[in-house]
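Model, not experiment: these values are computed from the prediction. FYI, side chains are in, hydrogens and waters are out, and symmetry mates aren't considered; it's all heavy atoms of this structure.
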Amino acid sequence: MIYDLVIVGGGIGGSALATVMARAGRSVLVLEKSEHYEDRVRGEWIAPWGVVETKRIDLYDTLVAAGGHHLSEHVTYDESLPPDMCEAAPLPLNMLIPDIPGPLCIGHPHHCQTLYDAAAAAGATCLRPVNVESVTLGETSSVTFTRGDRQHTVEARLIVGAEGRQSMVRAAAGVKLHQDRPHHWFAGLLVEQVEGWDPKRQAIGTEGNFGFLAFPQGDGRVRIYGGYPLEEKGRFAGEDGPARFLEAFRMACAPPNAALAEGTPAGPLYSYFNNDSWTVEPFAPGCVLIGDAAGWNDPINGLGLSITYRDVRIVSDILKDTPEGDGPDFAAYAEERAERMRRLRFAGQLQATLDMEFGETAKARRLSYHTRKAEDPTLGLHGIAIMAGPESVPEEFFTDAHRARVLGQPQKEPA
C-alpha cells in the first residue's frame, strides 16, 4: 500500500493535519515516537488568530469539548507603574477578532491526545510508540521505522515532517534551518490550586531582573513563565528550583502574583533559550514541514500553536486542491510563511527588548514606552500583530523606523 501521507510526529500539528486529511478521504499514517504525551512546558495558548485557524479546519469544537479555556483580558505590569493604574484598563482580548472570545488555553499533553484520538476517529492509521530509523524522499517517498521488535518500511506520495525542532524529515530534505542569537532564558511551570487569580485574565510584567507571563487554564491551573538574563543560567536549577521560581513571582508591581507563588507545582520546570528559527522553503520533493519542524517564533510571543494551526490549514488546503496524480505545489505556503515569520520575529524582538531586558536602562526604556504609548497607541501595534495576526497590522509597522520609534531611539536620516 502507498499512503497519500505519512506524517512523522503525532503531536498537535501532525495529528491535526492527519484529522483534516483523513476526513477528506485521504489515506494517512501517523508515526508518533512517545508512548504517552508528556508536559514539555510549551504549546498551551492559542492566540485569537490561531483560534480562527482551528475553526477553519473544523477542530475548534473538539478543543472546547476537551476543556479549552478562553481568556478575555490582558494586563501589563511594570516596576515603574502603580498596579492600580495597570489594572484599571485591561486590554479586552474578546474584541480583537469578531466572534472569537479571546485566546484559547488547553494543557499540552491533553491537547496532543485529543487530536491524536480525533485523527484515529477520522480514519487515519495512528501508531505509537515507534522509532523512525530513516526517511527517503523522491517521487515515491518512504519511511523506515521500528515498532516493538519489528522493522517496517512504508511508502507515501508525501512525507510530512511534524516532529518538532530536531526534525529528521527536515534533515533528510536538506532544508536549512536559520536561527538568530538567544536573547534570554525562559522557564515555564504549570501550577495548580491557584486561589485568587482571575481565571479569565492573562498578564505580563517586569521587575528587577525577572519578567513573567501567566496564562490560566481554568479550574485553578495556571501556566506561568519567567524570563531572566543569559548569564544566570543556573538560577532555577536543582531540586528547590520550582520553589525559587515561584518565589520570583512575588512582585511589588503585580500584587495578584502572590496567588501564583502560593500555587502547587503540577509539572516539570524547564528552562530554554528565547530565540527565533526559520526556513526559507519548508518543503522539498516528496515532503513538506509544518510546525516547529519548519522553524519557530521566539517563545516570548507564545505563538507556536497559532503558527502550527495556520500551517495545517494552508497545507491541507493545498493538498485538497491538488488534482489526483499531480504533485502539490507548496510555493504559496512557503511565501506566506516566510512573511508571517518575518513579521512575528520583528514583534518578538520588540517584545523581548521591552519586557525581558533588565537594569536601569531597560527600566527607563519601558517607562518611556508606556508613557508615549498612552499618547500614541500605534506604538503597541506589535502586540496586536501577536494577538490578531501578523497580517492584521500594516507593513510600515514592521520596519527599522518603527522599531526606533517604539524603543525611543534616534531615527536614521534617509540616504
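Under 3.5 Å, the side chains of Asp219 and Gln217 contain no donor-acceptor pair of N or O atoms. With hydrogens and angles left out, the side-chain atoms of Gln151 and Thr153 include no donor and acceptor closer than 3.5 Å. There is a side-chain donor-acceptor pair under 3.5 Å between Asp4 and Ser27. Looking at Glu155 and Thr140, their side chains never bring a donor and an acceptor atom within 3.5 Å of each other. No side-chain donor-acceptor contact under 3.5 Å links His183 and Gln349.
Salt bridge absent: Arg345 and Asp276 never bring a charged side-chain N and a carboxylate O closer than 4.0 Å. For Arg244 and Asp240, the salt-bridge test passes: some basic side-chain N is under 4.0 Å from an acidic carboxylate O. Using a 4.0 Å cut-off between a side-chain N of Lys or Arg and a carboxylate O of Asp or Glu, Arg343 and Glu395 qualify as a salt bridge. Between Asp99 and Lys55, none of the side-chain N atoms (NZ, or NE/NH1/NH2) sits under 4.0 Å from a carboxylate O, so this pair counts as no salt bridge. The pair Glu44-Arg221 does not count as a salt bridge, with every side-chain nitrogen at least 4.0 angstrom from each carboxylate oxygen.
Residue Gln166 places its CD atom among 12 or fewer non-hydrogen atoms of other residues, nucleotides or ligands, all under 6.0 Å distant. Dense packing is recorded around CD of Gln179, with more than 12 heavy atoms of other residues, nucleotides or ligands lying under 6.0 Å away.
Smallest separation of non-hydrogen atoms from Cys86 and Asp78: SG-N, 4.2 Å. Across all non-hydrogen atoms, the minimal contact from Ile300 to Asn274 is N-ND2, 3.1 Å. In plain terms, the two heavy atoms of Val222 and Pro216 that are nearest each other are CG1-N, 3.9 Å. Annotation for Gly295 and Leu177: closest pair CA-CD1, 4.2 Å, computed over non-hydrogen atoms. Scanning both residues, Ser167 and Leu289, for their nearest heavy atoms gives OG-CD2, 4.2 Å. Here the closest heavy-atom approach between residue Val312 and residue Ile57 is recorded as CG1-CD1, 3.9 Å.
Under a 3.5 Å cut-off, the side chain of Arg170 and the backbone N or O of Ala293 do form a donor-acceptor pair. In this structure, the side chain of His184 does not engage the main chain of Pro229 through any donor-acceptor pair within 3.5 Å. Of the possible polar contacts, none joining the Ser306 side chain to the Ile46 backbone as a donor-acceptor pair under 3.5 Å is found. Put simply, the side chain of Asp355 never gets that close to the backbone of Ile204: no donor and acceptor are under 3.5 Å apart. Judged by distance alone, with hydrogens and angles left aside, the side-chain atoms of Arg337 form no donor-acceptor pair with the main-chain N or O of Ile290 at under 3.5 Å. In terms of modelled atom types and a separation under 3.5 Å, the side chain of Asp311 and the main chain of Gly291 share a donor-acceptor contact. Between the side chain of Glu38 and the backbone N or O of Arg40, no donor-acceptor pair lies under 3.5 Å. Under the 3.5 Å distance criterion, the side-chain polar atoms of Arg128 are left unmatched by any main-chain donor or acceptor of Lys33. Checking side-chain atoms of Thr114 against main-chain N and O of His110 turns up a donor-acceptor pair under 3.5 Å. With hydrogens and angles disregarded, a donor-acceptor distance shorter than 3.5 Å links the side chain of Ser141 to the backbone of Gly138.
Here the straight-line distance linking atom CG of Asn297 with atom CG of Asn275 works out to 10.0 Å at 0.5 Å rounding. In this structure, Leu407 CG and Ser368 OG are separated by 9.5 Å, a value rounded to the nearest 0.5 Å. Separation of atoms NZ (Lys363) and CD (Glu207) is listed at 8.5 Å; rounding is to 0.5 Å. Here the CG-CG distance, from Leu350 to Asp298, works out to 11.5 Å after rounding to the nearest 0.5 Å. To the nearest 0.5 Å, atom OG1 of residue Thr125 and atom CD1 of residue Ile7 are 11.0 Å apart. Distance check, rounded to the nearest 0.5 Å: CG of Leu104 to OH of Tyr309 gives 8.5 Å.
Residues Val169 and Val160 have side chains not in contact (no heavy-atom distance under 4.5 Å, counting atoms from C-beta outward). Annotation: side chain of Pro390 is not in contact with side chain of Phe346 (no heavy-atom distance under 4.5 Å). Side-chain atoms of Gln351 and His382, non-hydrogen and from C-beta on, do get closer than 4.5 Å to each other. Between Val194 and Leu260, some side-chain heavy-atom pair lies under the 4.5 Å cut-off. By the 4.5 Å heavy-atom criterion applied to side chains, Glu79 and Arg366 are counted as neighbours. For the pair Phe212 and Ile224, the minimum side-chain heavy-atom distance is 4.5 Å or more. Annotation: side chain of Val393 is not in contact with side chain of His402 (no heavy-atom distance under 4.5 Å). Using a 4.5 Å heavy-atom threshold, the side chains of Arg310 and Arg56 count as separate.
A side chain to side chain contact (heavy atoms under 4.5 Å, CB included) with Pro90 is found for one member of Lys200, Arg201, His74 and no other, namely Arg201.
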Checking side-chain contact (heavy atoms from CB on, under 4.5 Å) for the pair Arg223/Trp45: CA distance, chi angles, key distance, verdict?
CA-CA 9 Å; Arg223 175 67 71 179; Trp45 181 87; over 6 Å; no
Test Ser271 against Arg235 for side-chain hydrogen bond (donor to acceptor under 3.5 Å, both in side chains), laying out the working first.
CA-CA 10 Å; Ser271 292; Arg235 181 171 177 177; over 6 Å; no
Verify side-chain contact (heavy atoms from CB on, under 4.5 Å) between Val8 and Phe145, making sure each step is shown before the conclusion.
CA-CA 10 Å; Val8 181; Phe145 64 93; over 6 Å; no
Pair Tyr272-Trp185, ring-ring contact (aromatic ring centres under 6.0 Å, His included): steps then yes or no:
CA-CA 6 Å; Tyr272 45 89; Trp185 286 104; 8.7 Å; no
Hey, mind stepping through Ile159 and Tyr3 against side-chain contact (heavy atoms from CB on, under 4.5 Å) and telling me if it holds?
CA-CA 9 Å; Ile159 306 295; Tyr3 287 94; over 6 Å; no
Met341 and Thr279: side-chain contact (heavy atoms from CB on, under 4.5 Å), yes or no, with the steps?
CA-CA 9 Å; Met341 299 301 280; Thr279 56; over 6 Å; no
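Classification of the Tyr225-Phe186 ring pair by plane angle, with boundaries at 30° and 60°, yields parallel. Between Phe330 and Phe283, the two ring planes are tilted [angle within 30° to 60°].
Annotation: cation-pi pair Arg342/Trp278 absent, no NZ/CZ under 6.0 Å from the ring centroid and within 45° of its normal.
In this structure, Phe249 has its ring center closer than 6.0 angstrom to the ring center of Phe210.
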